[in-house]
Protein chains: 2
Amino acid sequence: MPDISYRNLAESRHLRTDERLATILHAAARIMADEGYERATIRKVAASVGASIASLYYYFNSKEELLYQIQYCTFKTLLDNLDESLENVSDPDGRIRVLIRNHLDHFFRNLNELKVCSHELETLKGAYYESVKELRKTYFRTALGIVVDLLKDSGNTTLDPKLTTLNLFGMLDWIYTWYDPETGPSERKASNQITCLFLNGIRSPSR
Amino acid sequence: MPDISYRNLAESRHLRTDERLATILHAAARIMADEGYERATIRKVAASVGASIASLYYYFNSKEELLYQIQYCTFKTLLDNLDESLENVSDPDGRIRVLIRNHLDHFFRNLNELKVCSHELETLKGAYYESVKELRKTYFRTALGIVVDLLKDSGNTTLDPKLTTLNLFGMLDWIYTWYDPETGPSERKASNQITCLFLNGIRSPSR
DNA sequence: CCACGACTCGAACGTTCGTTCGACAAATCG
DNA sequence: CGATTTGTCGAACGAACGTTCGAGTCGTGG
């Protein structure tokens with residue numbers, strides 16, 4: 001459902017090139033997720049898609065750009081889908097549920113890309129880093145806004161909205177270290193547990 | 001206070017060697033935390049301690065062993081201090097507070113080492129990886145035991161103990177991505193926010 | 001003082017990496 | 001069909017890395 005849309009990058013003139021690029025990016029994301037960015041060599045990506053190393057450079061200028069495109073498109077898709085899903089939801093409770101659901105649905109559907117986004121947060125440098133950082137900041141602001149409303153609704157004055165949002169992202173973004181689609185909990189259960197713990201933590205009278 | 005004790009490794013016969021090794025490990029941890037394991041070259045570590053590259057190999061056999069020693073000693077110190085702190089605390093509420101406090105105190109006192117532990121979780125391979133993994137499993141079991149008791153005490157049957165513990169570690173282990181000792185919240189505040197959100201989330205009647 | 005062990009070092013090695021080059025093949029266009 | 005554009009490739013390059021070697025220095029003990 002919420003597959004990563006690499007079409008955001010589509011500037012080439014041919015559908016075939018788009019598909020080829022998407023194939024490369026998916027392969028790169030898988031290898032980067034498995035082995036980390038540094039150990040994910042261009043040679044491994046090329047072997048994975050059955051192409052030569054040099055031919056990959058027709059599609060991107062550098063290895064770093066490869067990571068950038070994966071992260072940019074992943075965050076972009078995540079944000080676009082979130083905006084869409086939030087359109088008809090106005091109560092804070094519902095909105096935070098949508099946000100958590102959106103995030104985890106993307107994670108479950110694109111384990112590799114989401115892992116690369118979480119784990120390689122600080123890997124990019126310069127303009128690439130700033131560009132992705134802008135998306136992340138937008139995402140954080142949206143979440144923070146909802147948390148602020150939530151805390152107000154529940155009369156909770158102990159929890160700091162910013163830190164609470166950071167802690168929510170702690171749970172959401174750390175999931176890649178322990179979630180296993182083969183042996184772990186169901187997607188539904190993993191989602192509900194985070195939602196439940198978080199919302200209860202907010203609503204409870206504090207001490 | 002809870003500084004990492006590299007003395008766990010002390011097998012050499014000279015105090016001077018121990019101090020030298022600790023200096024190297026601290027430098028390596030800092031560079032690894034700043035740049036990631038792969039980009040933290042032996043040359044950078046050597047330059048940082050003002051020694052030649054080759055002389056570092058008097059102290060360890062490989063770069064991987066360097067990372068192993070950092071992680072092993074960090075987790076070992078963390079666990080030892082946790083055991084000690086838990087000795088006179090028997091109620092689950094108090095125990096979880098001690099655990100969170102212990103974890104974050106270690107983080108605040110050894111930002112680099114704790115970051116290396118969190119970020120390079122899957123970097124080691126083979127026996128080194130298994131050795132550190134054992135410590136992490138022990139840590140998780142201790143935390144899980146406390147969470148089980150907590151959930152029982154509060155009559156909470158909605159939250160799954162294992163997932164709840166994983167989500168707690170999400171908050172604790174993700175902190176390295178956002179905590180900044182210069183500009184961020186106070187240590188006390190950061191700690192209290194996690195404790196508060198977590199404990200309230202557990203105690204609250206669920207929906 | 002000598003012998004020995006601890007400790008240090010510059011140079012070098014072999015390997016691996018990201019990237020480029022020049023040539024060629026395939027696809028498209030008029 | 002010829003010209004042009006798109007897409008692919010093997011070989012090679014220069015840089016960087018972890019590690020080792022052989023020599024030397026330093027510290028300690030008898």
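In what follows, every chain begins at residue 1, and chains take the letters A, B, ... in the order their sequences are listed.
Note: NZ (B:K63) to P (C:dT16) measures 16 Å, nearest angstrom. Rounded to whole Å, atom P of C:dA27 lies 13 Å from atom CZ of A:R20. In this structure, the CD atom of B:E65 is 15 Å from the P atom of D:dG18, given to the nearest Å. Nucleotide D:dT5 holds its C1' atom 13 Å from the OH atom of A:Y59, rounded to whole Å. When the C1' atom of C:dT8 is taken as reference, atom CD1 of B:I24 falls 11 Å away, rounded to whole Å. Rounded to an integer number of Å, the gap from CG of B:D18 to C1' of C:dC7 is 14 Å. Atoms CD1 (A:I42) and C1' (C:dT20) sit 13 Å apart, rounded to a whole Å. In this structure, CG of B:L66 is placed 15 Å from C1' of D:dC17, rounded to the nearest angstrom.
Heavy atoms of other residues, nucleotides or ligands lying less than 6.0 angstrom from NZ of A:K44 number more than 12.
For A:Y58, the listed nucleotide lying nearest its side chain is D:dT6; candidates were D:dT19, C:dT8, D:dT6.
Between C:dC7 and B:T17, a contact under 4.0 Å exists linking OP1 or OP2 to a side-chain N or O.
The salt bridge (Lys or Arg N to Asp or Glu O under 4.0 Å) test applied to B:E122 returns no partner, not counting sequence neighbours. Partners of A:K189 according to the salt bridge (Lys or Arg N to Asp or Glu O under 4.0 Å) rule, which considers only residues two or more places apart in sequence or in another chain, are B:D160. Judged as a ring-ring contact (aromatic ring centres under 6.0 Å, His included), and not counting sequence neighbours, B:Y129 has no contacts. Listed by chain and residue number, B:Y57 satisfy the ring-ring contact (aromatic ring centres under 6.0 Å, His included) test with B:F60 (two or more places apart in sequence, or in another chain). The ring-ring contact (aromatic ring centres under 6.0 Å, His included) test applied to A:Y179 returns A:F107, A:F108, not counting sequence neighbours.
Of the residues in residues 43-57 of chain B, those with a non-hydrogen atom less than 4.0 angstrom from any atom of DNA chain D are B:R43, B:I53, B:A54, B:Y57. For DNA chain D, none of the residues of residues 29-38 of chain A falls under the heavy-atom distance limit of 4.0 Å.
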Would you mind writing out the side-chain donor-acceptor pairs for residues 131-138 of chain A within the sub-3.5 Å range, not counting sequence neighbours?
| unit_1 | atom_1 | unit_2 | atom_2 | d |
| --- | --- | --- | --- | --- |
| A:S131 | OG | A:Y68 | OH | 2.9 |
| A:T138 | OG1 | A:E134 | O | 3.0 |

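For residues 15-52 of chain B, the pairs satisfying ring-ring contact (aromatic ring centres under 6.0 Å, His included) are B:Y6-B:H26, with sequence neighbours left out.
In this structure, CD1 on B:I42 lies 8.5 Å from CD1 on B:I53, to the nearest 0.5 angstrom.
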